[in-house]
Amino acid sequence: MKLLQERIRQEGLILSDKVLKVDSFLNHQVDTQLALEIGREFARLFAGRSITKVLTIEASGIQFAMAAGIALNVPFIYAKKKKAVTLSEQVYAASVHSFTRQETYQVSISQKYLGPADKVLIVDDFLATGAALVGLVDIVREAGAELAGVGCVIEKSFQEGRGLLEQRGVHVHSLARIASMSPGEIHFVGEDDEASSGSIKENATC
Ligand code: 5GP
């Protein structure tokens, strides 16, 4: 998705060769029109798959799951990271290790909202180590639901996430795939060197 690549080039802050900050338009302040466009793109990519639910994980997947749910005209569910007192019913749960926070936490969703009749599209903001998405894939399978695939807004293709999902037979679509990055420089998958080596903002290292 060209528009997304351009925004990453213009506004992304590359904190290291592994961490990209996109807080100004994707996952802290959110450009709502871009989020809706991302939802439409996911809906287009998974058109004809008879999706009944979109699934994500709180918090930064929510705006994209909602946008995809609107475009597909289906509900979305977000897995909760802490079991709320209001979540008294039976849950599906998985353990996830967070790459950015360096901690392991439990994600859960109520068994009321996912079952064998569902066909699920999982979406998230980033695909990095794949831990969060593998957790959601396990939950979908435990529920006996069918998985249509995974849609990611940004994939860091130099990390192992895509490989882990594909090993599990999961179909992955990412809207921007980063082949490599370092402060001041970013390369997207599928572009030749000259086109892809967009310099990124000078203050990208801050
Ligand atoms: P995972 O390592 O499980 O694929 O990524 C889990 C979560 O970590 C993502 O959903 C995303 O919220 C966060 N994350 C991973 N890599 C990055 C990154 O480079 N930048 C930001 N902002 N978040 C990231």
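The shown structure was predicted, so the numbers you read here are calculated from the model rather than taken from an experiment. Every number for a ligand or one of its atoms is a count from 1 in the order of the listing.
Residue-to-ligand polar distances keep H97 apart from ligand 1: every N/O pair is separated by 3.5 Å or more. The distance criterion of under 3.5 Å between nitrogen or oxygen atoms is met by G130 with respect to ligand 1. Below 3.5 Å of separation, one finds no N or O of K21 facing any N or O of ligand 1. Taking any N or O of V22, backbone or side chain, none lies under 3.5 Å from an N or O belonging to ligand 1.
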Handout entry: L175 vs L45, side chain to side chain contact (heavy atoms under 4.5 Å, CB included): CA-CA, chis, key distance, verdict
Key = CA-CA 10 Å; L175 304 186; L45 289 166; 3.7 Å; yes

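Of the possible polar contacts, one joining the R168 side chain to the L164 backbone as a donor-acceptor pair under 3.5 Å is found. With hydrogens and angles ignored, the 3.5 Å screen pairs a side-chain donor or acceptor of S110 with a backbone N or O of K112. K81 places a side-chain N or O within donor-acceptor distance of the main-chain N or O of E58, the cut-off being under 3.5 Å. A donor-acceptor pair under 3.5 Å links the side-chain atoms of K53 to the main chain of Y113, judged by distance alone. Judged purely by atom type and a 3.5 angstrom limit, D118 has no side-chain atom pairing as donor or acceptor with the backbone of V120. Of the possible donor and acceptor atoms, one in the side chain of Q29 sits under 3.5 Å from a partner among the backbone N and O of S24.
At the top of the distance list for atom 20 (N) of ligand 1, counting protein heavy atoms only, stands L20 O, 2.6 Å. Scanning all protein heavy atoms for the shortest distance to atom 1 (P) of ligand 1 gives T129 OG1, 3.4 Å. Of all protein heavy atoms, the one closest to atom 8 (O) of ligand 1 is T100 OG1, 3.7 Å. If you check which protein heavy atom lies closest to atom 9 (C) of ligand 1, you get D125 OD1, 3.5 Å. For atom 5 (O) of ligand 1, the closest non-hydrogen atom on the protein side is A128 CB, 4.0 Å. For atom 23 (N) of ligand 1, the nearest non-hydrogen atom of the protein is F126 CD1, 3.6 Å. When hydrogens are left out, the protein atom nearest atom 6 (C) of ligand 1 is A132 CB, 4.0 Å; that is the closest non-hydrogen contact.
Only side-chain heavy atoms of K156 come within less than 4.0 Å of ligand 1; its backbone N, CA, C and O stay farther off. Counting heavy atoms under 4.0 Å from ligand 1, residue A131 touches it through both backbone and side chain. Residue-level proximity to ligand 1 for D124 is carried by the side chain, the only part with a heavy atom below 4.0 angstrom. When non-hydrogen atoms are compared, ligand 1 lies under 4.0 Å from neither the backbone nor the side chain of L133.
Residues that satisfy the side-chain contact (heavy atoms from CB on, under 4.5 Å) test with V22, not counting sequence neighbours, are L20, F25, L26, N27, F126, I154.
For atom 11 (C) of ligand 1, the nearest protein heavy atom lies closer than 4.0 Å.
Those atoms of ligand 1 with a heavy atom of V19 less than 4.0 angstrom away are 19 (O). Residue contact check: N27 has heavy atoms under 4.0 Å from atoms 22 (N) of ligand 1. Below 4.0 Å from some heavy atom of S60 lie the following atoms of ligand 1, by number and element: 12 (O).
The structure places NZ of K119 at 5.5 Å from OG of S50, a figure rounded to the nearest 0.5 Å.
Between G161 and ligand 1 there is no heavy-atom distance shorter than 4.0 Å. Remark: distances from the non-hydrogen atoms of K18 to ligand 1 include one below 4.0 Å.
Test E166, E160, Q159 against R162 for side-chain hydrogen bond (donor to acceptor under 3.5 Å, both in side chains) and you get one pass: E166.
For F46 and H173, the distance between ring centers is under 6.0 angstrom.
We find that K2 and E37 are not joined by a salt bridge, their nearest charged nitrogen and carboxylate oxygen being 4.0 Å or further apart.
Of all the heavy atoms in V107 and A79, the pair that sits closest is CB-CB, 4.2 Å.
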